Amino acid sequence: MEREKRNDTSFSRKRSFTFGAYGGVDRFTCGDETRPESAEDNILDILDSPASESKRFLSASSNQRDTELFEIIEKLQGSRIDEQRCEFPLPLKSQLLTIGGELPLILPSKLGGYWIDPPLERLVDVSPTSSHYGIDPESYDIMERDGEAKIYHEFFRSRYHHSFTAVDPSLGPLVLSVCLEEEENKLRVILRMKECSLNGVFSVSLFPNIPSAVELSKMLCDRVTVSKFEVVSYLKAPELITAFDEHRVSPNFKFGVLYQKDGQFTEEDILSNNDESEEFKEFLSMLGETIQLQGFTGFRGGLDVCHGQTGSEAVFTSFHGREIMFHVATKLPFTEGDPQQLQRKRHIGNDIVALVYQEGQTPFLSDVIKSHFLHCFLVVRRIQKGEETGGVAYQVTKKPDHTELIIPVKKIGVSVTAREDVPPFGPVIPDPPIFSDRSLLREFLLTKLINAEISCYKAERFSKLELRTRSSLLESLQAELSTRSQCMMGDPSLSALPSSEGVRGASEGSGGFIENFKRAIRVRSHSFETLGVPRKTGGSASQKPKTEKDGESDKSPGPLADSLGPAELKDQTSPQEET
């Protein structure tokens with residue numbers, strides 16, 4: 001009878017509680033399926049034994065089960081903790097290196113696309129008394145944006161020479177200049193194409209006779225297929241050619257200056273700073289002079305010098321014959337309720353290079369400022385080296401009376417980041433990248449800023465824009481020279497060109513890239529009309545010849561304006577917009 005009851009009990013429904021990663025689960029099991037038969041028999045035998053023995057066994061068995069249960073729970077919880085562990089994303093784990101005992105000045109973008117100099121792995125701890133700065137300021141050479149732009153002005157305009165034009169089926173418009181230097185018995189040649197200008201010097205002894213324009217052009221570029229060049233007989237052609245060759249040469253530069261406080265990681269925080277610390281003011285005074293914009297007559301860098309719409313002050317300097325205007329964020333207008341501070345970003349976001357001054361140890365993220373034009377950042381930070389010295393080292397100098405004078409020497413760390421398609425540029429950052437000499441730091445920064453902008457023009461975005469600009473200007477130059485030359489030769493099919501379309505002198509004014517492009521389209525369209533070539537128009541009312549607006553005829557092609565994007569360039573390609 002008892003055996004039957006035990007069998008019924010073994011098939012009774014029992015409730016178990018399974019601890020898992022997400023809590024408990026109720027489960028009903030069959031006794032035969034969950035326990036081996038031997039264990040069941042042992043328990044049944046013990047139940048038949050005296051009560052004391054039964055209690056002792058059950059107590060020991062219960063303690064063992066509790067121990068095993070807690071071990072299982074601990075293992076499960078441990079696996080949950082391991083599952084929640086994760087690697088810190090770069091660069092927060094492995095690249096938080098230090099410079100002078102501090103965080104790095106720049107951290108790379110999570111999306112990549114930027115290079116940093118010096119690399120994070122090269123940063124080293126610097127002793128406060130270190131005096132090795134590595135670079136001689138005499139080696140701070142400023143790059144030339146177009147080293148061959150002034151060859152025509154230097155070697156051709158002062159000598160008797162000839163120029164020729166042609167339109168090649170594959171290369172497009174060509175403008176060739178040839179100069180015979182009899183005293184040195186050599187030929188100097190320049191061939192202007194859409195992509196670039198090629199120049200060469202050939203000895204006259206290489207030719208039995210003076211070579212033709214076609215032969216000279218093929219010696220410079222074997223892709224030339226044109227069979228004939230037209231002679232340029234226009235008297236003012238040298239002025240037009242000089243203006244084209246030097247359209248990229250400009251002695252003026254503009255750079256943004258950002259002020260980053262400790263703990264500021266976002267663009268909105270950095271652009272919203274209004275107050276300037278004494279250290280930041282001292283840094284600005286090193287860069288240049290704080291000037292009043294009202295009535296300022298130097299290079300203004302797009303700032304308003306009449307109505308005060310871009311603030312009342314700016315920082316300006318002259319450096320080795322070049323004028324530099326700094327767009328200091330804290331001096332540009334601040335707009336309440338505008339977290340993006342568009343009045344500030346419209347200037348700094350249209351610069352190509354910006355300088356970042358840091359206070360504290362918050363690194364600058366390479367892509368924190370969203371802009372299509374900003375391609376390079378120079379970041380500087382005052383090195384805080386020890387509380388006992390207040391962030392400065394001390395230098396002992398001799399006074400005129402031979403007494404010693406202890407003066408503080410402030411150390412500035414420097415780092416550079418640029419987009420990956422920007423080629424490296426000098427001067428080389430010293431190792432370690434620390435400056436303590438104020439004049440040396442100024443020389444380094446201004447040279448580095450100028451070279452950074454020139455190097456950025458080689459990036460893909462700007463190189464495409466410049467190629468399009470050069471192509472349009474060369475087309476207009478070739479059409480202008482050809483049309484004027486035919487008029488000089490008395491071609492009866494051509495009528496005299498209006499005086500308002502006169503040559504823009506190379507030294508009179510600077511209209512910027514927008515005016516250059518408008519002028520190029522105007523001249524090209526007018527040349528086609530004069531030659532009797534029809535051109536496409538958007539409406540019947542705009543097919544008559546167009547003349548320039550008053551006051552524009554005396555402006556010459558100026559340097560390329562940096563702040564024009566591809567969309568704006570596209571808007572300038574319709575000659576019907578000019579009246």
Side-chain angles (χ1 to χ4, degrees), residues 106-119 141-149 193-197 247-258 267 301-302 322 324 326-327 345-356 364-379 414-429 445-474 512-514 516-517 558-570 572:
I106 300 173
L107 289 180
S109 167
K110 293 189 297 183
L111 302 177
Y114 287 81
W115 54 262
I116 298 177
D117 185 29
D141 297 325
I142 298 178
M143 298 169 57
E144 291 289 342
R145 184 174 177 188
D146 191 347
E148 301 178 347
M193 303 182 296
K194 286 184 176 181
E195 295 84 3
C196 62
S197 293
H247 77 274
R248 296 199 309 165
V249 178
S250 174
N252 304 324
F253 294 86
K254 56 188 183 71
F255 305 111
V257 178
L258 298 171
E267 171 185 306
R322 297 162 175 83
I324 302 175
F326 293 96
H327 295 154
K345 191 174 180 181
R346 65 186 289 260
H347 292 284
I348 297 177
N350 280 328
D351 293 330
I352 296 176
V353 182
L355 183 61
V356 182
F364 181 82
L365 300 178
S366 299
D367 61 348
V368 67
I369 307 296
K370 306 301 180 184
S371 169
H372 291 294
F373 292 95
L374 280 171
H375 274 53
C376 180
F377 296 92
L378 271 70
V379 182
V414 179
S415 188
V416 178
T417 182
R419 300 196 186 191
E420 58 186 359
D421 57 348
V422 176
F425 49 89
V428 178
I429 295 180
L445 287 179
L446 296 183
T447 304
K448 195 76 169 176
L449 286 169
I450 293 174
N451 290 347
E453 179 166 320
I454 294 174
S455 188
C456 285
Y457 284 122
K458 300 176 183 179
E460 181 180 2
R461 181 183 297 273
F462 296 115
S463 60
K464 288 182 177 179
L465 179 60
E466 284 197 337
L467 178 60
R468 191 186 310 181
T469 305
R470 178 185 173 87
S471 300
S472 299
L473 292 178
L474 183 61
F513 173 69
I514 298 179
N516 285 347
F517 198 86
L560 174 65
D562 309 320
S563 59
L564 185 64
E568 293 172 304
L569 179 61
K570 184 177 180 181
Q572 304 298 331

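Residues take their numbers from the sequence shown, with the count starting at 1. Worth saying up front: this structure is predicted, and the values here are computed from it rather than measured.
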As a test of understanding, state which of L365, I116, T417 forms a side-chain contact (heavy atoms from CB on, under 4.5 Å) with P108. I116
Any donor and acceptor pair, going by atom type alone, linking the side chain of R322 with main-chain N or O of F253 inside 3.5 Å? no
Which atom of D351 lies closest to which atom of G256, heavy atoms considered: OD2-N, 3.1 Å
Atom pair CD (E460) and CD (E420), whose distance is rounded to the nearest 0.5 Å: 10.0 Å
Test side-chain contact (heavy atoms from CB on, under 4.5 Å) on D367 and Y114 and set out the steps. CA-CA 8 Å; D367 61 348; Y114 287 81; 3.9 Å; yes
What pair of heavy atoms forms the shortest contact from W115 to V422, and how long is it? NE1-O, 3.0 Å
Which atom of G426 lies closest to which atom of N451, heavy atoms considered: O-ND2, 2.9 Å
Can you check whether S463 reaches L467 side chain to side chain, under 4.5 Å on heavy atoms? no
side-chain contact (heavy atoms from CB on, under 4.5 Å) between I324 and L449, intermediate numbers included: CA-CA 10 Å; I324 302 175; L449 286 169; over 6 Å; no
Classify the ring geometry between F462 and Y457 as parallel (under 30°), tilted (30 to 60°) or perpendicular (over 60°). perpendicular
Look up atom CG in L374 and atom CZ in R419, then write down how far apart they are to the nearest 0.5 Å. 7.5 Å
Separation between CD (E453) and NZ (K448), nearest 0.5 Å, reads 15.0 Å
How close do S197 and R470 get, heavy atom to heavy atom, and via which atoms? OG-NH2, 2.7 Å
What's the separation between atom OG1 in T447 and atom CE in M143, rounded to the nearest 0.5 Å? 12.0 Å
Student check: side-chain heavy atoms of F255 and L355 closer than 4.5 Å: no
Mind listing the closest non-hydrogen atom pair of L473 and H247 along with its distance? CD1-CD2, 3.7 Å
So how far is it from K345 NZ to I369 CD1, rounded to the nearest 0.5 Å? 7.0 Å
Treating S415 as the side-chain partner and V379 as the backbone partner, does any N or O pair qualify as donor plus acceptor under 3.5 Å? no
To the nearest 0.5 Å, what is the distance between CG on L378 and CG on L258? 11.5 Å
Could you go through R248 and T469, starting from their C-alpha distance and side-chain angles, then the distance that decides it, and tell me whether this counts as side-chain contact (heavy atoms from CB on, under 4.5 Å)? CA-CA 10 Å; R248 296 199 309 165; T469 305; over 6 Å; no
Worked verdict on I106 versus F377 for side-chain contact (heavy atoms from CB on, under 4.5 Å): CA-CA 10 Å; I106 300 173; F377 296 92; 5.8 Å; no
If you compare all heavy atoms of A459 against all heavy atoms of H375, which two are closest, and at what distance to 0.1 Å? CB-CD2, 3.7 Å
